[in-house]
Chemist: 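Have a look at this one before I ask anything.
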Amino acid sequence: MRWSVGHTLVIVESPTKARTIRGFLPKDFKVEASMGHVRDLPNNASEIPAAHKGEKWANLGVNTANNFEPLYVVPKDKKIVVKELKDALKGADQLLLATDEDREGESISWHLLQLLSPKVPVKRMVFHEITKEAIGRALEQTRELDMELVHAQETRRILDRLVGYTLSPLLWKKVAWGLSAGRVQSVAVRLLVQRERARRAFRSGSYWDLKARLEQAGAGFEAKLSQLGGVKIAGGSDFDESTGALKAGSKVRLLSEAEAKALQAQVQGAAWTVAEVEEKPTVRKPVPPFTTSTLQQEANRKLRLSARETMRTAQGLYERGFITYMRTDSVHLSDQAINAARSCVGAKYGKDYLSPSPRQFSTKARNAQEAHEAIRPAGESFRDPATTGLDGRDLALYELIWKRTVASQMADARLTMLAVELQADGGALGPASFRASGKRIDFAGFFRAYVEGSDDPDAALEGQEVLLPALKVGDRPACKAVEALGHQTQPPARYSEAALVKMLEKEGIGRPSTYASIIGTIVDRGYATLAGNALTPSFTAFAVTALLEEHFPDLVDTSFTARMENTLDEISHGQVQWLPYLQSFYKGEQGLETQVAQREGDIDPGVSRTVELEGLPCVVRIGRFGAYLETKRVADDGSEELLKATLPQEITPADLDADKAELILKQKADGPESLGEDPETGDLVYLLFGQYGPYVQRGQVSDENPKPKRASLPKGVKPEELSLEDALGLLRLPRQLGEHPDSGKIEAGLGRFGPYVVHHKGKGEKDYRSLKAEDDVLMVGLSRAVELLAMPKKGRGGRTALKDLGTPEGGDEAVQLFDGPYGLYVKQGKVNASLPEGTTADTITLELAVELLAAKAATGKAKGRKPAAGAAKKPAAKKPAAKKPAAKTAAPKAPTTTKTGRLRASAVRVIRAADS
């Protein structure tokens with residue numbers, strides 16, 4: 001279509017997206033960023049308009065008595081954005097809303113439309129990649145706002161608020177302060193808890209088998225015992241996880257250690273014969289290109305990125321025009337993408353590696369929606385990763401997407417599976433059958449570009465191929481060695497982020513685009529810890545899940561939640577009306593509001609705060625300051641008393657066994673045992689357990705020594721292995737390492753965030769670096785410290801500074817330049833400030849950066865943060881008359897019991913609905 005001459009305003013979400021799209025639009029188009037959502041439900045009492053402050057529903061932000069009308073407000077930090085957008089709209093002939101093409105983007109556009117009230121023509125402009133061609137097509141194919149998508153997003157937002165703000169206060173009263181519940185979050189937590197319960201209930205079984213090393217015509221190979229006397233040898237899958245014994249009815253033979261070693265001696269000197277040779281050709285087809293879910297899974301497996309890190313990186317790649325839109329359930333590729341991928345295959349691998357015809361994939365995910373393309377490199381031709389100029393995570397993720405997309409148009413891999421059965425005389429135990437398995441890659445096909453779960457396709461090819469020597473029936477290979485091997489069955493593995501994302505998608509719970517924030521919330525709220533890529537649920541997660549399972553089973557049931565998700569998708573397609581659905585969910589006899597009101601009185605806080613774990617000599621309770629152990633014991637006077645001991649935060653339900661519990665309780669009852677005496681002071685050194693984990697202490701607390709020297713144990717140090725020497729070393733930290741080559745001293749210490757080295761530059765200026773996993777704070781030397789200090793300092797999100805602008809006069813900390821999801825920004829200490837329009841990495845100066853940081857600190861967005869050092873200070877304004885302080889939150893109020901036994905509401909921090 002033709003646009004009339006004049007000023008056309010285009011609104012997108014972020015400055016990065018604005019900068020990229022601006023290069024593809026006519027000169028008379030002005031592009032502005034909304035900085036994400038400009039309007040939302042209120043998050044604190046100060047955001048609630050005065051006209052609604054007295055309403056019962058105001059804390060919810062949803063008028064449940066008036067057709068669930070949401071109360072939308074403009075957050076304080078977005079008011080200036082809205083004003084700037086209104087100013088930009090003045091004089092415009094047309095308005096194009098170019099936010100993302102999914103429900104979230106449609107919702108942002110609708111809110112912008114409501115706030116700006118434009119008097120000029122308004123159109124919705126959508127595209128799934130930011131290239132010149134895509135933007136040109138989008139200009140020609142504008143449309144109206146899709147209100148069904150808007151209603152679907154609005155219903156999700158309201159539903160999440162109702163669940164979160166109705167259940168969270170109940171958890172505050174019955175379990176612990178500050179907890180949150182969520183429509184998807186609580187189901188995900190239950191999955192983690194169920195897996196941990198299975199691990200605790202698991203009973204290990206032991207079994208033995210044999211492995212032989214054989215040789216034929218100078219070529220070696222291995223074979224494993226498969227049958228003895230015609231009966232299959234027991235393996236790990238034959239055991240019952242709840243008993244550690246063989247499953248009932250198993251027709252297998254369980255070898256004891258003695259039998260295995262006797263058989264080892266027998267077959268070692270016996271003659272071996274090839275009884276059967278089997279070759280089975282097979283074909284492997286490439287996997288589809290990435291969806292949001294599969295990208296998160298594979299980036300977690302291959303690149304060790306969290307779901308949150310993956311989506312943040314993908315967002316940046318999309319907004320800078322490197323990949324297509326990253327929130328999608330579709331595996332479809334456009335004709336343009338298929339042609340681009342096939343061109344890459346032909347150029348890089350040759351025509352033999354092309355699939356005979358273009359491949360197209362169909363989406364199999366439950367509730368698949370948002371039907372645009374799969375995630376792929378942007379454009380009519382794909383940029384080779386090596387020529388993009390990307391680095392770090394950006395390059396790694398782009399390369400992963402490039403390889404997966406290109407591989408989807410490559411030929412099948414052809415393999416031959418090899419199996420050889422060998423016989424040996426087992427003496428009194430009967431004839432022994434051994435099996436050797438191999439795999440030969442006849443044609444690598446798409447394996448040349450991409451092997452799922454592997455970083456290096458070439459290395460993966462070598463690892464996948466297991467060759468056997470040429471063998472035929474009747475051959476008699478030589479036995480070189482036989483090993484008797486003992487095995488223990490293993491408990492089910494904990495969920496990694498990738499495994500949890502896969503399970504949530506499989507069950508149809510939530511939307512893949514929200515999984516990153518859901519997992520982040522679970523970890524941030526203390527429901528789980530992430531260590532070694534495994535999600536381990538906390539005691540609080542056990543307590544909350546048990547309460548919800550007993551009193552609100554539907555809300556943590558995967559089938560119920562999946563049906564809810566399906567209904568929300570039907571709303572987006574106009575098949576279900578949103579208002580009746582909300583009414584049936586929240587109102588009426590079976591509605592959530594009624595259920596909570598009826599069952600609140602039945603829930604005993606003492607029971608809901610108790611976690612009973614099998615095999616412990618005590619119970620675990622959830623207290624104000626975390627989990628603790630509780631048991632009864634006989635006091636010195638013969639009476640029975642309660643003994644309580646704080647559980648270190650690092651101990652999870654998986655780690656707590658009877659021995660650990662008894663050790664912690666014993667230390668609480670008897671007092672700590674000393675590790676020995678400090679020869680310098682004569683004080684005893686103790687190992688103690690506190691809320692934040694084990695620590696060492698020199699001397700006892702007394703009137704003369706109210707705060708004895710303490711030091712936490714570094715991560716990975718086991719309390720039972722701690723020596724007096726190491727304890728003394730920790731207590732003497734920080735330790736001086738020497739002079740820095742440039743000037744100033746260097747020391748090593750142990751702080752809140754772990755071990756570190758610091759360079760004292762003079763005049764109070766300090767430069768810190770965290771020690772790496774392989775470094776020991778007690779052993780690290782001067783040369784290693786200098787090496788660490790020379791490494792670029794990381795910014796927020798693990799970003800490396802693009803440039804160090806220097807330290808302003810009178811300042812303690814340097815000002816650095818970073819590239820974030822919303823564009824370039826400068827940082828000093830904890831204060832960040834975005835660069836203004838037109839300022840680049842090459843033109844930013846220290847003086848301008850200091851002005852920006854000072855302005856940011858003065859706006860109130862950085863409450864409690866110091867203004868940039870070296871910036872001119874404005875004279876303090878005259879203080880207005882004191883006003884009665886406003887309540888700090890609009891969240892449901894948590895109770896505290898007064899002397900009269902009534903519950904008094906207290907203003908608290910916001911508990912956001914956890915899901916979207």
Side-chain angles (χ1 to χ4, degrees), residues 171 175-176 178-202 241 292-312 453 490-549 556-558 561 611 613 620 622 626-627 647-656 693 715-716 773 797-798 914-916:
L171 298 182
V175 182
L179 296 177
S180 69
R183 179 175 61 86
V184 177
Q185 170 198 306
S186 297
V187 181
V189 170
R190 186 185 182 219
L191 288 173
L192 299 182
V193 170
Q194 286 177 320
R195 180 62 59 86
E196 204 63 37
R197 287 171 180 164
R199 286 176 61 85
R200 287 192 64 87
F202 175 81
E241 293 187 347
T292 302
S293 169
T294 54
L295 178 63
Q296 290 175 9
Q297 293 173 48
E298 195 72 340
N300 184 243
R301 283 194 292 258
K302 285 190 173 185
L303 308 179
R304 285 294 183 261
L305 295 181
S306 68
R308 188 181 277 175
E309 289 167 336
T310 298
M311 294 310 292
R312 186 186 295 126
Q490 298 299 312
R494 292 191 181 98
Y495 283 103
S496 63
E497 286 200 43
L500 183 59
V501 165
K502 186 175 183 179
M503 177 59 75
L504 291 172
E505 184 179 42
K506 176 186 174 186
E507 296 292 338
I509 300 166
R511 302 292 343 131
S513 58
T514 67
Y515 292 161
S517 63
I518 290 164
I519 293 172
T521 299
I522 289 171
V523 174
D524 293 344
R525 294 288 187 197
Y527 285 121
T529 55
L530 184 59
N533 208 34
L535 288 161
T536 305
S538 63
F539 290 104
T540 303
F542 269 66
V544 169
T545 297
L547 183 151
L548 295 176
E549 285 175 331
V556 286
D557 178 71
T558 53
T561 309
V611 180
L613 299 175
V620 179
I622 309 299
L647 269 172
Q649 286 185 346
E650 65 182 28
I651 293 184
T652 67
D655 305 320
L656 187 62
K715 189 175 181 180
D915 314 314
S916 56

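Only this structure's heavy atoms are used, side chains among them; waters, hydrogens and symmetry mates stay out.
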Chemist: Quick check: closest heavy atoms across V556 and R190, and the distance to 0.1 Å?
Modeler: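 In terms of heavy atoms, the two residues are closest at O-NH1, 3.0 Å.
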Chemist: Between R304 and N533 (side chain of the first, backbone of the second, donor and acceptor by atom type, cut-off under 3.5 Å), is there such a pair?
Modeler: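 Checking the backbone N and O of N533 against the side chain of R304, no donor-acceptor pair under 3.5 Å is found.
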Chemist: Verify whether one side chain among S293 and Q297 offers a donor that lies under 3.5 Å from an acceptor in the other.
Modeler: yes
Chemist: Do the side chains of S496 and N300 get nearer than 4.5 Å, heavy atoms only?
Modeler: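 Touching, per the 4.5 Å side-chain cut-off.
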Chemist: With sequence neighbours left out, write down each residue that passes side chain to side chain contact (heavy atoms under 4.5 Å, CB included) with S306, or none if nothing qualifies.
Modeler: R308, E309, E497
Chemist: With a 4.5 Å heavy-atom cut-off, do L179 and V544 have their side chains touching?
Modeler: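 Contact flag for L179/V544 side chains = yes.
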Chemist: May I ask you to decide if P492's main-chain N or O and E241's side chain share a donor-acceptor pair within less than 3.5 Å?
Modeler: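 Pair absent, no side-chain N/O of E241 close to backbone of P492.
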Chemist: Side chains of R195 and L191: does their closest heavy-atom pair fall under 4.5 Å?
Modeler: no
Chemist: How about V620 and F542: do any of their side-chain heavy atoms sit closer than 4.5 Å?
Modeler: no
Chemist: Salt bridge or not for R197 and E549, using N-O below 4.0 Å?
Modeler: yes
Chemist: Could you check whether any side-chain N or O of R494 sits under 3.5 Å from a backbone N or O of A534, counting only pairs where one atom can act as donor and the other as acceptor?
Modeler: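 No.
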Chemist: Heavy-atom distance under 4.5 Å between the side chains of T292 and M311, does that happen here?
Modeler: yes
Chemist: Given side chains that start at C-beta, do those of I519 and L500 come closer than 4.5 Å, heavy atoms only?
Modeler: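 When only atoms from C-beta onward are counted, L500 and I519 do touch, with a gap below 4.5 Å.
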Chemist: Is it the case that the side chains of T652 and D655 hold a donor-acceptor pair, with the cut-off being a distance below 3.5 Å and no angle test?
Modeler: yes
